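Worksheet: the structure to be examined is printed underneath.
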Amino acid sequence: MKGKALYVQNSLTRKKEEFTPITEGFVGMYVCGPTVYSDVHLGNCRTFVGFDTIYRYLLYKGYKVRYVRNITDVGHLLDDGEDRISKGARLDKLEPMEVVQKYSNGFHAIMDIFNTKKPSIEPRATGHIPEQIEMVQQIIDNGFGYEKNGSVYFDTIKFANEKKVYGELSGRIIDDLLTETRDNLKNQSEKNHPSDFAIWMKAADDHLMKWNSPWSVGFPGWHLECSVMSTKYLGKRFDIHGGGNDLKFPHHENEIAQNIGACDCAPSNYWLHTNMLLMNGKKMSKSDGNTISPEELFTGDSTHVSKGYSPMAVRFFMLQSHYSSTMDLTDDALLASEKGFKRIQEGEKILASLETNGSGNSEDADIIKNLDAMLDDMDDDFNTPKAISRLFELVTKINSYKQGSLDINSVSKDTLARLKKEMPEFILEVLGLKNESQEGTSDVSEGLMQLILELRQSARERKDWDTSDKIRDSLNALEIVVKDGKDGSNWSFK
Ligand code: AMP
Ligand code: ZN
């Protein structure tokens, strides 16, 4: 493995622990994916870019990683008890699976734009209904589930009394759970105890997505899908489980309960949680207008930003916060990140042109110290902001070699070769940052045009005609014509 021992902050034990995979050289990682009932928001992107960087670093170290990230397409209910996907279908007058496809396409397009690697497996909850029914049955058989009027509930009190782990992840005690459990409000009275949660729900006649089961025609509870799909693809016990920290309770707490309830085995050794994205110091939220979509951020079409920012500048901005810290999106912070990212890209360009005669080596120790420190930082719970500060130190050196204030011939040939290999590799492979400035000016325009056309195409696939027309009209005003053909869209100047 590259680098030294890896340490991760385990949310379950609240300790930084040395990471030891169950099978040497292999890592199984499950991350809760999006609920595809509306456009992906930047908060989701923060979480998925965070786990993409973790995935990338594990690969970089040399692990073989099976990365499973699900798509939630059933069972995730709104506070009023309506299924999120069904609501999307009702509002847009679409089949539920059309809603799922539309927003999955949009999600994938944005993930590509942020240069995230695809997971090894991306299972959908509706593709695993028989397995979910099987797990409900196991939970009942083990005495931790009970049926009431066609719905099945998880018996939290019995579980808490017998297994002594309920609340361990979220730090909640059962009395808190009384007031905080929100699922399936309509049927609260059926439960033996208010903190019990539904693992199978009987569907009303007008409910859109429902399946036969031994208990009723109904649908699985949201928490169940992740227990089932992680077990199916990674085994009863695997290495890393991730998600945003808003999922600790009830979702992850209940996942653990279900896994132990069904298989007598807690699912994951290490729980990693990303923190929330804020904007101007407040939680990003659609309801009070404190929100910005990825598209608006890229085009600058929002009152919250003074201009558009490239996807890689936004990714760089995201990596300048540790994944477990809150991240505050402000125009000033974005401007600073854009500038910083440009500096690093320019540094890379200068580095490629540096040559040494190798007559000295007094600079070597400093360069090697920074290269090693970058990996040490990543080994310290994936500390990207610190690793980026090492990159800035290296860039300062590179600029000094170019300007002559430091002598490039005091760098040995081997060390310069190492720097030329490892620095760009780290930026691209680990941080996932594509160099935007190495391309010529015309390539940048072409790249930006392709990005804009991709965004428009994804809006068209979502039948979001307002956005796609707006993009076309704005380009028109810039004397650029977009032509839609069978093989996609093309552009040309008028
Ligand atoms: P959802 O589509 O709501 O199920 O969320 C998908 C993922 O995005 C989950 O891991 C959430 O924890 C995460 N997430 C949701 N909102 C935010 C936010 N504001 N900041 C960071 N992550 C978030
Ligand atoms: Zn989940």
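In each ligand, atom 1 is the first atom listed, and ligand 1 is the first ligand listed. Predicted model, so just to flag it, every value in this text is computed and none were measured.
Closest to atom 16 (N) of ligand 1, if we only count protein heavy atoms, is H41 CE1, 3.3 Å. Considering only non-hydrogen protein atoms, atom 22 (N) of ligand 1 sits nearest to T47 OG1, 2.7 Å.
For ligand 1, the atoms lying closer than 4.0 Å to a non-hydrogen atom of P34 are 2 (O), 6 (C). Of all atoms in ligand 1, numbered sequentially from 1 with element shown, those under 4.0 Å from a heavy atom of L247 are 9 (C), 10 (O), 12 (O). Annotation for ligand 1: atoms under 4.0 Å from non-hydrogen atoms of L277 are 18 (C), 19 (N), 20 (N), 21 (C). The F48 neighbourhood of ligand 1 comprises atoms 6 (C), 7 (C), with distances under 4.0 Å to a heavy atom of that residue. Each of the atoms 10 (O), 12 (O) of ligand 1 lies under 4.0 Å from some heavy atom of G244.
When G33, C32, G50, G43 are checked for heavy-atom proximity to atom 23 (C) of ligand 1, G43 turns out nearest. Between V40, N44, L42, it is N44 that holds the heavy atom closest to atom 5 (O) of ligand 1. In this comparison of D246, V36, V31, the heavy atom closest to atom 11 (C) of ligand 1 sits on D246.
Taking the six-membered ring for Trp and thresholds of 30 and 60 degrees, F159 and F154 have ring planes more than 60 degrees apart, a perpendicular arrangement. Ring-plane geometry between H241 and Y30 is classed as tilted, the angle between the planes lying from 30 to 60 degrees on a 0 to 90 degree scale. Relative orientation of the W222 and H76 rings is parallel, given thresholds of 30° and 60° on the angle between their planes.
For F238 and F26, the ring centers are positioned 6.0 Å apart or more. For an aromatic pair to be called close, the ring centres must be under 6.0 Å apart, and F48 with F107 satisfies this.
Across L42, T384, L277, a single residue satisfies side chain to side chain contact (heavy atoms under 4.5 Å, CB included) together with M318, and that is L42.
Residue contacts with ligand 1 include N275, since one or more of its heavy atoms lies under 4.0 Å from the ligand. A heavy-atom separation below 4.0 Å is not found between K283 and ligand 1.
By the 3.5 Å distance cut-off applied to N or O atoms, R46 is not counted among the residues near ligand 1. Distances between N or O atoms of M276 and those of ligand 1 include no value under 3.5 Å.
Only protein atoms were considered; those of element N, O or S under 2.8 Å from the Zn ion (ligand 2) number 3.
In summary, the side chains of D52 and Y67 do not present any donor paired with an acceptor at a separation below 3.5 Å, with no hydrogens or angles considered. Counting only N and O atoms by type, the side chains of Y153 and E190 include a donor and acceptor under 3.5 Å apart. Remark: the N105 side chain and the Q101 side chain contain an N/O donor-acceptor pair separated by less than 3.5 Å. When only modelled atom types and interatomic distance are considered, T326 and N275 share no side-chain donor-acceptor pair under 3.5 Å. Between the side chains of E255 and N259, no donor-acceptor pair is found at a separation under 3.5 Å.
Under 4.0 angstrom from ligand 1, there are no non-hydrogen atoms of M284. When heavy-atom distances to ligand 1 are checked against a 4.0 Å cut-off, T35 comes that close through both its backbone and its side chain.
A salt bridge does not link K386 to D376: none of the charged nitrogens lies less than 4.0 Å from a carboxylate oxygen. The pair D92-K463 does not meet the salt-bridge criterion, since no charged nitrogen lies less than 4.0 angstrom from a carboxylate oxygen. Remark: K163 engages D264 in a salt bridge, criterion side-chain N to carboxylate O under 4.0 Å.
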